[in-house]
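Throughout, protein chains are lettered first and strands after them, A, B, ... in sequence-line order, and every chain is numbered starting at 1.
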Amino acid sequence: MDTSLVLQNLLSPAILFFFLGVFAVLLGTDLEIPAPLPKLFSLYLLLSIGFKGGVELQHSGLGGNVVLTISAAVVMSVLVPIYCFFLLRSKFDVFNSAAIAAAYGSISAVTFITAESFLKVLNIQSDGFMVAALALMESPAIIVGLLLVKLAARDRRSDVNAGWGALLHEAFLNSSVYLLIGSLIIGFLVAFFNPSGVEKMEPFTGRLFYGVLCFFLLDMGIIAAQRLGDLRRAGAFLTGFALLMPLLNAGIGLGIAVFLGLSQGNALLFMVLCASASYIAVPAAMRMTVPEANPSLYISSSLGITFPFNIIFGIPLYMALIQRFIPAG
Amino acid sequence: MDTSLVLQNLLSPAILFFFLGVFAVLLGTDLEIPAPLPKLFSLYLLLSIGFKGGVELQHSGLGGNVVLTISAAVVMSVLVPIYCFFLLRSKFDVFNSAAIAAAYGSISAVTFITAESFLKVLNIQSDGFMVAALALMESPAIIVGLLLVKLAARDRRSDVNAGWGALLHEAFLNSSVYLLIGSLIIGFLVAFFNPSGVEKMEPFTGRLFYGVLCFFLLDMGIIAAQRLGDLRRAGAFLTGFALLMPLLNAGIGLGIAVFLGLSQGNALLFMVLCASASYIAVPAAMRMTVPEANPSLYISSSLGITFPFNIIFGIPLYMALIQRFIPAG
Amino acid sequence: MDTSLVLQNLLSPAILFFFLGVFAVLLGTDLEIPAPLPKLFSLYLLLSIGFKGGVELQHSGLGGNVVLTISAAVVMSVLVPIYCFFLLRSKFDVFNSAAIAAAYGSISAVTFITAESFLKVLNIQSDGFMVAALALMESPAIIVGLLLVKLAARDRRSDVNAGWGALLHEAFLNSSVYLLIGSLIIGFLVAFFNPSGVEKMEPFTGRLFYGVLCFFLLDMGIIAAQRLGDLRRAGAFLTGFALLMPLLNAGIGLGIAVFLGLSQGNALLFMVLCASASYIAVPAAMRMTVPEANPSLYISSSLGITFPFNIIFGIPLYMALIQRFIPAG
Amino acid sequence: MKRLDLIMSERELDKVLHAIRAAGAPGYSVMRHVTGRGRSGDVVSESMEFSGLGANAHVIVFCDEATIERLKPAVNSILEYFGGVAFVADAQPL
Amino acid sequence: MKRLDLIMSERELDKVLHAIRAAGAPGYSVMRHVTGRGRSGDVVSESMEFSGLGANAHVIVFCDEATIERLKPAVNSILEYFGGVAFVADAQPL
Amino acid sequence: MKRLDLIMSERELDKVLHAIRAAGAPGYSVMRHVTGRGRSGDVVSESMEFSGLGANAHVIVFCDEATIERLKPAVNSILEYFGGVAFVADAQPL
Ligand SMILES: Nc1ncnc2c1ncn2[C@@H]1O[C@H](COP(=O)(O)O)[C@@H](O)[C@H]1O
Ligand SMILES: Nc1ncnc2c1ncn2[C@@H]1O[C@H](COP(=O)(O)O)[C@@H](O)[C@H]1O
Ligand SMILES: Nc1ncnc2c1ncn2[C@@H]1O[C@H](COP(=O)(O)O)[C@@H](O)[C@H]1O
Ligand code: NA
Ligand code: NA
Ligand code: NA
């Protein structure tokens, strides 16, 4: 494997600030990014990535393998939770298995964004429609997770349990999916009808983007390191799962990318979507609909292990694989 | 009326993000911009608009119809509450009538800013002194509102009621008026004595501006939609008032603009100042000095109806009227 | 003394916004920058100044008088608290004397940043390694302060008192020192291995910087003015100390700068480091380790007097002295 | 008069407030951004507020004993299922 | 000892704190960004904090009964006019 | 059951929470960004939150009397040295 890719990634500001956050916790400093600043950054990143994705989508159009790629992404977000669930059942109850499975079927927008920045450094193009794939992979995983619970655990209390209406609502209208898709549509409309509007947004959604990402990753480093303690309680099985499942999913993602003939850039984003796990939309939905599951299991594995693993080692590793299997565009 | 103006406005990022906020509430998503982020955006917008206005004021000077225009704006902020008051008295008590009237005499800085952005897209110039007019229209409306209460309701409790000193203080030194005028003076001084300082501020107060406005309008959309429920309680009269009063005031504003020979750009801003209603400075003053009035009446009408109406339909409509009556510069 | 330097400083946006904050309090407006926004700005400024300092450090290298300058800075941060302590003992008890002394041995990052902006307006260069000096002056002052307490006050309660481990931890790993040094190292690494990363950070850490500084100084003005009341309680001695000690320290700093042959720009930054007093790292450490000291004494003198004095009069005054004693580069 | 203190995840806030209103309470107050530690030993920290879990909320209700009795079943049912604590004490209007 | 809990709009905070200090209370604590619902059915929501109305504030005062009696008239007068609630309970120093 | 309210600088929060956990309390809740005024007349204001001093924190613990007795010495020792207040009252589970 190409060690220069790993180094290039490790020495990018984004990853270095992530480590700065991790060491802040490990060394016991009192560095903190107080609430609601992380929320500000995360809203900003979703809005910007959505808007820019919409603009690019309008420029590139919906032809070619766009529809196929997005469909494949959605299919992955349905299949991944299913095989995760059966694997996890060997160790966890129905509720925890379903909740963790849903997290791994869904995606992490920050991982996606970090991969995009990585591509930019390598001067490799990717397409705006991948943001649409990102947005569309959240909801199916949530629904599959809940279906698994409904099917496998039939005698739950029904008085406080949300009905299907509420579940679908949570799956399709949770705030991060909504903001992402909404900004995507706005970007598309503005690029189409009002191109000068794109320029006016650029300093905010474009130029500032990388710096805000670094600031946010500083906080993510803090949070991820705080979660490491929980993991010791969660045990070796879950830790192994959180490290190996991204590799497996990325591998399947690579296969699909080769099959669909995706470009190197889109292939990396596709692999990252498959490999990453959710810590925003899915926990929100699971907390509401599967309160029996222990949040520290699904949050800690996705945020404390899979997220750092993907942004630190996963992205360059996946890129190295892509360079072997997909010719440069 | 020119439908392309309406479309151009509707499809600008600013208005689209406003709608995104509105639909977030209507669809029941849990999207929120937690406090104090809206405060951050609103402080930023006031500081930036003030600073840029001061810089432009220094460049354009105080000659020509500057003094006349500003005086006309102040006169409008005195007259509007008076006729609003008598109209509202047919339905509301003295306290509510005075508070709503004061809100409509005063202005909405975000409406003004949205109109400025609209002008920029059309490549129509406006002048920095309009920001001074903006700043100077808040206080008179507040004072008139309180005078109306003092005159019409004589037997109020005096032990807890603030004296005239406190009222004038609140009118002239409430934080938004203060920040706006202060930044205006700073902009003026810096442009005069220290032009390189203007450049150093530009990336912050200038380039970022439109993006922050969009982010803030997303929140304003959420807030406006949350207020719609209150309006049903307030009834048809107030809803009608909140829709028609901006039109009336904008019409009078247009007459004055033609009379004073304002340019198209300044005329639009002048009309928008007349047509818009306050939801920051005036509520702050009214809450303190006329607690008998029901805040949900004056906040909901200005924020839930007049504000959306102005930024969505009002601005292009006023522009279409201007294009009929005022020749392009 | 060159009055044009004073005026140039007084009429810079940064200082004018500081005054806007001061007058907001003096006039009794309700302007406030709610928490945690000041924290956001202060984290941003530390991160940016550190990152940019690291980049410049990499460009300029560690040769020449770099090591000597940094060593001199550290020596000053050890000596200043010692002579301050004995001076203060004439009026205050051991605890308060040590805490105030530590504050004056340490530094104020915002004063440093304001001096840097001042240099930029005058087109005078300074070097990135001064940021390293800034970072390295916090900890020694804290340790000296605590040593003074340990030596002078032997019969303190030991059950709740932190041991040496905790004290060193607080001195070297308090969040502002950590963030500053961490960002410095990141800047250095990125400039060395990944120069395109510097460019990607620039819009965030570079262009936005001055505007955020102004916004933050608006808040600092509010806070400084709120502290003025405390000073009346603290008395004339402390007020005099807070005005004269910066002058004395700046004078010694000038002597060292001349001796070391520093450039004009570095000399100003060196003087400002000597002259400024801490209101973040030192209070954090003192609150924890010397709770017997009254925070309003050390916070009010450093934040209410020394800070405003330095940014308003000190910086141009020190520059005027430098122009007499150090030839332009 | 009684004072009711409720602390639970902000995710359940709407459900709880609905139950309080349905019981006819004269009003309530809500403090958000509350962190804490509960039975399971899980810490709810401020740094997780950006995640989907959110922080806790603290609800205070001043009301008479009858209202307490009316809101008790619904509120307890929510807290039992989702977690959180609820305590009642005496309080006199000033 | 007594514990006093006050909840009202942050707009009246200065007035209320003034009355508390004037009554000689040994101290007080203030929590801001409080939201809620009162007699009139009006909801004070966080999203209105940027508007002129502001959110609510929660004030806690631990003091003796005599201080409560001293601050009662002024505080009640403010709350009656501007809105808000005030409740007193017993509390023992730890 | 008892209710314990603690208010002190957030700088001592970790120490206090440690003492609470060590006494075996079943849980606790923390509200930060609290401002106030204490014995010395010093005001802790929100605007100082960015400084090293920080604002105050409000800790609520619902627990039984035995736990209160167990945490009392450690907590009181911290508060005496660093400042802050602690009060106990009765509270019944809903
Ligand atoms: N004994 C307690 N005293 C105060 N707050 C508590 C207590 N137990 C739980 N809480 C709060 O309620 C939340 C949920 O508790 P739990 O359902 O036990 O996990 C915790 O995060 C705490 O904020
Ligand atoms: N019964 C209550 N229990 C708790 N908080 C209340 C209650 N009534 C009012 N409040 C609080 O006091 C504020 C003002 O109340 P009001 O003056 O009745 O509108 C409300 O927004 C609530 O935050
Ligand atoms: N009597 C009191 N009632 C409520 N809060 C108090 C009281 N005394 C002190 N406090 C709080 O405890 C903090 C520290 O108090 P002190 O140690 O007395 O300076 C203050 O800043 C207040 O927030
Ligand atoms: Na995935
Ligand atoms: Na108006
Ligand atoms: Na110093």
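Ranking E/I60, E/V59, E/V30 against chain F, the residue ahead of the rest is E/V30, based on heavy-atom pairs under 4.5 Å.
When heavy atoms are compared at a cutoff of 4.5 Å, E/P93 approaches chain F by way of both its backbone and its side chain. With a 4.5 angstrom heavy-atom cutoff, F/R32 does not touch chain E via any of its atoms. Proximity to chain F is limited to the side chain of E/H33, based on heavy atoms less than 4.5 angstrom apart. Heavy atoms of F/V88 lying under 4.5 Å from chain E belong to its backbone as well as its side chain.
Using a 4.5 Å heavy-atom cut-off against chain E, the contacting residues of residues 62-73 of chain F are F/I68, F/L71, F/K72. Scanning residues 4-14 of chain F against chain E with a 4.5 Å non-hydrogen threshold yields F/L4, F/D5, F/I7, sorted by number.
The structure places CG of E/L94 at 7.5 Å from CG of F/L79, a figure rounded to the nearest 0.5 Å. Here the straight-line distance linking atom OH of F/Y28 with atom CG of F/L17 works out to 4.5 Å at 0.5 Å rounding. Once rounded to the nearest 0.5 Å, the distance linking NE2 of E/H58 with OG of E/S29 reads 9.5 Å. A distance of 12.5 Å separates NZ of E/K2 from CZ of F/F87, quoted to the nearest 0.5 Å.
Geometrically, E/K15 does not engage E/Y81 in a cation-pi contact, judged by NZ or CZ lying under 6.0 Å from the ring centre and within 45° of the ring axis.
Here the closest non-hydrogen pair linking E/V75 and E/A19 is CG2-CB, 4.0 Å.
The side-chain heavy atoms of F/R3 and E/R3, taken from C-beta on, include a pair separated by under 4.5 Å.
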